[in-house]
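Written out below as structure tokens is the structure these notes cover.
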Amino acid sequence: MNKLILAFLALSVCACSAFAGTTSYSGKEMKQTVQQAPCPEWYGDREWNVSLWGAYAFTGTENNRTDKETADDDGILGTYDHFLGGDHAWGGGADVKYFFHRYFGLGVEGFGLAGKGLHLITDHITENEEHYVNEDHGVGGAFGTFTLRYPFQCSRFSPYIWGGVGGVFGGRNDHRIRPYFSTVGVVNDDESRFAGQLGGGLEVRLTRHIGWMGDFAWNFVDGSQNDFGMVRTGLNFAF
């Protein structure tokens with residue numbers, strides 16, 4: 001009997017020692033702080049951007065030429081765009097920008113458009129009766145630009161606006177002249193003009209270095225009835 005009591009006491013002492021060496025924690029103490037992984041940044045604070053895009057341009061002046069007889073006899077040519085020449089033109093271009101800050105960038109832009117217009121041929125200059133002929137011509141432009149963008153935090157989306165100054169070249173415009181050996185005629189020569197540009201759009205980054213962009217710009221061309229709008233879409237490469 002004594003041996004049984006001693007064995008029980010020994011087990012009790014061991015059990016007390018085991019519990020005495022165990023530390024207990026409350027529910028709050030058991031919780032561990034989980035740190036969230038930082039969200040991906042799709043736009044750099046400093047980066048080069050190279051964009052390649054297709055373009056559709058439309059004139060700001062309605063194409064409403066007079067008939068050939070009125071244009072020839074009365075010298076009234078009607079209304080029409082004096083640079084692109086027709087209602088619209090297709091083309092493309094590229095621009096290079098350096099963002100020296102997350103939100104601001106400087107760059108250069110160039111584009112080319114396939115212009116289509118009409119040119120009046122008068123019976124005073126040729127032996128044929130007066131008539132209109134199609135005039136296909138290439139129109140180009142070059143601008144220095146300043147871009148303001150706003151990349152949303154942890155987002156692929158970045159709206160932007162920009163402005164530019166530069167020039168456009170290759171435009172066509174009928175001019176009535178009075179040659180030495182005839183009464184009145186019409187010439188259609190290449191023209192170059194100073195121009196300004198304002199626009200806005202949206203870029204969506206597909207990866208950290210490749211994005212899709214789409215925007216609209218209005219081109220203010222020196223002279224009357226010369227302005228035109230341009231819709232652009234293409235890819236942007238960031239480095």
Worksheet item: Can you check side-chain contact (heavy atoms from CB on, under 4.5 Å) on L113 and F228, steps first, answer last?
Response: CA-CA 12 Å; L113 301 169; F228 62 93; 4.1 Å; yes
Response to the item:
Rounding to 0.5 Å, atoms CG (L198) and CG (N219) come to a distance of 9.0 Å
Fill in: Nearest non-hydrogen partners of Y43 and P151, listed with the distance
CD1-CB, 3.6 Å
Discussion item. Less than 6.0 angstrom separating the ring centers of Y150 and Y103, yes or no?
Written reply: yes
Worksheet item: What distance do Q197 atom CD and F220 atom CZ have between them, rounded to the nearest 0.5 Å?
Response: 9.5 Å
Item to complete: Taking all non-hydrogen atoms of both residues into account, name the closest pair between E41 and C154 and its distance.
Response: OE2-N, 4.1 Å
Item to complete: Assign the ring pair W162 / Y160 to parallel, tilted or perpendicular, where the plane angle (0 to 90°) is split at 30° and 60°.
Response: tilted
Practice prompt. Search all heavy atoms of A114 against all heavy atoms of A89 and return the closest pair with its distance.
Written response: O-CB, 3.4 Å
Worksheet entry | Backbone of V221 reached by a side-chain donor or acceptor of D227 within 3.5 Å | yes
Worksheet item: Which value, rounded to the nearest 0.5 Å, describes the distance between F157 atom CZ and F152 atom CZ?
Response: 9.5 Å
Worksheet item: Closest heavy-atom contact between A94 and L52?
Response: CB-CD2, 3.6 Å
Worksheet item: Any idea which heavy atoms bring P159 and L202 closest together, and the distance?
Response: N-CD1, 3.6 Å
Discussion item. Both conditions, 6.0 Å and 45 degrees, for the charged tip of R46 above the ring of F99: are they met here?
Written reply: no
Item to complete: State, with a plain yes or no, whether a side-chain heavy atom of N49 is found less than 4.5 Å away from one of N236.
Response: yes
Fill in: For F143 against A195, the heavy-atom pair lying closest together
CE2-O, 3.7 Å
Discussion item. Is there a side chain to side chain donor-acceptor pair (under 3.5 Å) between D95 and W53? Walk through the geometry before answering.
Written reply: CA-CA 9 Å; D95 62 77; W53 32 267; 2.8 Å; yes
Worksheet item: Looking at OG1 of T145 and CD of E109, how far apart are the two atoms once the value is rounded to the nearest 0.5 Å?
Response: 6.5 Å
Worksheet entry | Side chain proximity check, K97 to S51, heavy atoms < 4.5 angstrom | yes
Worksheet item: Can you tell if the side chain of F83 reaches within under 4.5 Å of the side chain of Q225, non-hydrogen atoms only?
Response: no
Worksheet item: Between R149 (side chain) and R102 (backbone), is there a donor-acceptor pair under 3.5 Å?
Response: yes
Practice prompt. Answer whether the closest heavy-atom distance between the side chains of E47 and H209 falls below 4.5 Å.
Written response: no
Worksheet item: Does R205 reach the main-chain N or O of R156 with its side chain, forming a donor-acceptor pair under 3.5 Å?
Response: no
Practice prompt. Report whether W218 and V139 are members of the same hydrophobic cluster (ILVMFWY, side-chain heavy atoms less than 4.5 Å apart, transitive linking).
Written response: no
Worksheet entry | side-chain contact (heavy atoms from CB on, under 4.5 Å) evaluation trace for V96 with W48 | CA-CA 7 Å; V96 178; W48 285 93; 4.0 Å; yes
Item to complete: Please state whether the rings of Y56 and W90 are parallel, tilted or perpendicular, taking 30° and 60° as the class boundaries.
Response: tilted
Worksheet item: Can you check whether A57's main-chain N or O pairs, donor with acceptor, with H88's side chain at less than 3.5 Å?
Response: no
Fill in: Side-chain heavy-atom pair T147, F104 within 4.5 angstrom cut-off
no
Discussion item. Before you tell me yes or no, could you show the steps for L106 and F100 under side-chain contact (heavy atoms from CB on, under 4.5 Å), namely the whole-Å CA-CA distance, both residues' side-chain angles and the distance that decides it to 0.1 Å?
Written reply: CA-CA 8 Å; L106 295 172; F100 56 90; 3.9 Å; yes
Item to complete: Could you check if a side-chain atom of M230 sits within less than 4.5 angstrom of a side-chain atom of F111, using non-hydrogen atoms only?
Response: yes
Worksheet item: Do R208 and W42 meet the cation-pi criteria used here (NZ or CZ under 6.0 Å from the six-membered ring centre, within 45° of the axis)?
Response: no
Worksheet item: For M213, does its backbone N or O pair with a side-chain atom of T233 as donor and acceptor, under 3.5 Å?
Response: yes
Practice prompt. Spell out, as yes or no, whether a donor-acceptor pair under 3.5 Å connects the side chain of H137 to the backbone of L84.
Written response: yes
Worksheet entry | Flag side-chain contact, heavy atom, 4.5 Å: F194 against V165 | no
